[in-house]
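Notes to accompany the following structure.
Here the structure is a predicted model, which means the values were calculated and not measured. Order of appearance sets the numbers: ligands from 1, and atoms from 1 within every ligand.
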Amino acid sequence: MSSDRAINNLADQPVTNLKGVGDKFAQVLAKLHIHSLQDLLFHLPLRYQDRTRVVPVAGLTAGMDAVIEGEVTAADVVFGRRRSLVVKLQDMSGSITLRFFHFSAAQKNRFARGVRLRCFGEARRGAAGLELYHPETEIVGSENATTEETLTPVYPLTEGVSQGRMRGLMQQAVELLRSGAVTELLPANLLPKPLRYPLSDALVYLHSPPAGTQLEKLAAGTHPAQQRLALEELLAHHLSLLELRRNSARVAAPPLPKNKSLERDFLSRLPFSLTGAQQRVCEEIAEDLAQDLPMMRLLQGDVGAGKTLVAAMAALKGIGAGAQVVVMAPTEILAEQHRINFCNWLEPLGVQVAQLTGSLKAAERREQLGKIASGEAQLVVGTHALFQEGVVFHNLVLVIIDEQHRFGVRQRLELREKGAASGATGRLQPHQLIMTATPIPRTLAMSAFADLDCSIIDELPPGRQPINTVAISNDRRDQVMERVHSAIAEGRQAYWVCTLIEESESLQAQAAESTAEELVEMLDGARVALVHGRLKPEQKEQVMGAFKAGEVDLLVATTVIEVGVDVPNASLMIIENPERLGLAQLHQLRGRVGRGSIASHCVLLYGTPLSQNGRARLQALRQHSDGFAIAEEDLRLRGPGEILGTRQTGEIQHRIADLQRDAELLPQVQKIAISPHLTEGIRQQLIKRWLQNKPRFAEA
Ligand code: ADP
Ligand code: MG
């Protein structure tokens, strides 16, 4: 291939320009989203091996990848649980065992006594101290053989491409880099001083770090070369979200002005007045809704902050304009609770409410669908069933989504599309309000939700009692039962929450059932009821209703009660095995108590032994009552994937950046993103470089 510097944009050169890459192999690389030479160079190593120096045997530690060299002192086939070839290797500092489970006679013969062997492999703890399993081996002469000059990168691979082949390709590509063939997109003056590291230097460095490089620093991702790339990557992500926001500003939405008399009527019937925070947030939403651009707003507010009321105020704007509004909840229980709330609040104002959940019987579903399609229903409450085929809305102008804490960019895009598709108002798109009780740390929110506007209810309604949280080991279960007993004797109600790691609802239900049995036995005379995900919605509703009405003393539940349920007389919650849940989820659960005027308690009944991290998390929960502080702790202890709920979906996949580790780069990223020195052309190229070949925004 040509190394002509005139052709210096590697982004335009297909991988087939490299020696030994044909169309067929190019298809294999495409699976790794590698199409151009630039893509190849941005395919960064996962980690490195140090083959630059020979490590004395005595200097090995478990888990370390290393080159060792020594003399074979013995080689025997051992018949243990598995037949293996055991070779003893000795150097000046000591001796070590090499173990092979698969070997040929020829191989065994190579390892004759006195042969000088150089090996590379990972030291692991074996039966006889440290061992190397199946190391790479090479017979060497008496004088020192040469070692590698650079650290050896280990790349992410896919079927059809070996580590060796990938390294070979990279070497070719890195050669081109050395002649400066990658476009520097960021003007140096935009970069913070310590990161003014030319892009091509950073890439050369990361593909072939020189001998002597501290592996620890590279492994930690804090080397300036890595930080330089991380900054650029974070910037590219940020820019793409900003672009998403700009694109959505291109479609029109129906402006929804305030309907003052309807709102006054509504507020005058409430037994309380809005908190200052609720008022402020309602104003922010009102301002958005009055525009002819679709609102895309995230409403954050701690458990019990009163988001439902804010949602109702927003809904009134749509209803007041003679159109339809949808409220979507993540579970049937919550949808039902919303339906009851909205009916209580809005029916006196003459508003018709329809509901749509997965559990409706066919006839009922048909009836509700009819009310929705005709526009007779002004408000529709439901679960995901709302967005299934066959649901036709009538002049839908606002979509409210509750408790959406698993909320990645992809889902957001889907919702935008659904919104667009379901709007019966020609090319107009409905406004969207998304509510979450899982606060998102500010730095993360600014970066991961750059395409959304954010409102925060940072004040609880007056009169809330702080929840006293204690952690008690399961060894003292009896004491906890005693406590439940006396609370019930005083006329209080309590929750007992069973958690299980298994996703299976039937296992969770079983565990809750047996706990309920145990509790009935221990708490003589107490009225115990059980609610779990396997119950039919009517059954759940009946149990919840009885608990709400005070006909049940103790509600044994799985985590289905996590969201939304509101029973002010319940002042005690026991959470079994809280160490299995995330902090945000625990905080949500705990928010079920402390809703009345009585002092409330939450007992974290943990299993032993508790890991250090588990201990730290429970401690954080005891210390903080503010969801935002807890979210910051969660971020610190578990990482951003957990918080944003994206770990499983692989939503935020950075090549090199790590939102948690690099959080301090985010303010810089935001600053650079609005710099006038960043031309439209550069923005597009940055997005293309880092995101183009990833599926996430391709369709956006
Ligand atoms: P969340 O934000 O967790 O969804 P809810 O909307 O369920 O909270 O509200 C929790 C409780 O607080 C409900 O019983 C609600 O009626 C009550 N509430 C909401 N706003 C106020 C207020 N301004 N003053 C008093 N109580 C309020
Ligand atoms: Mg709620």
Do other residues, nucleotides or ligands put more than 12 heavy atoms under 6.0 Å from E287 CD?
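No.
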Considering the heavy atoms of [X], write down every atom of ligand 1 situated less than 4.0 Å from one of them.
X: L274; answer: 23 (N)
X: T275; answer: 23 (N)
X: V303; answer: 3 (O)
X: T308; answer: 4 (O), 5 (P), 6 (O), 7 (O)

Of the backbone atoms (N, CA, C, O) and the side-chain heavy atoms from C-beta on, which set of [X] has a member under 4.0 Å from an atom of ligand 1: side chain, backbone, both, or neither?
X: M435; value: neither
X: S273; value: backbone
X: I457; value: neither

Could you tell me whether a side-chain N or O of Q623 sits under 3.5 Å from a main-chain N or O of A620, the two making a donor and an acceptor?
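Absent.
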Please answer whether the main-chain N or O of T275 pairs with a side-chain N or O of E459 as donor and acceptor at a distance below 3.5 Å.
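No, because the side chain of E459 does not come within donor-acceptor range (under 3.5 Å) of the backbone of T275.
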Tell me, please: is G301 in heavy-atom contact with ligand 1, that is, under 4.0 Å?
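Per 4.0 Å heavy-atom rule, G301 does not contact ligand 1.
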Less than 4.0 angstrom from a charged side-chain N to a carboxylate O is my criterion; do E284 and R280 meet it?
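Salt bridge between E284 and R280, a charged N being under 4.0 Å from a carboxylate O: yes.
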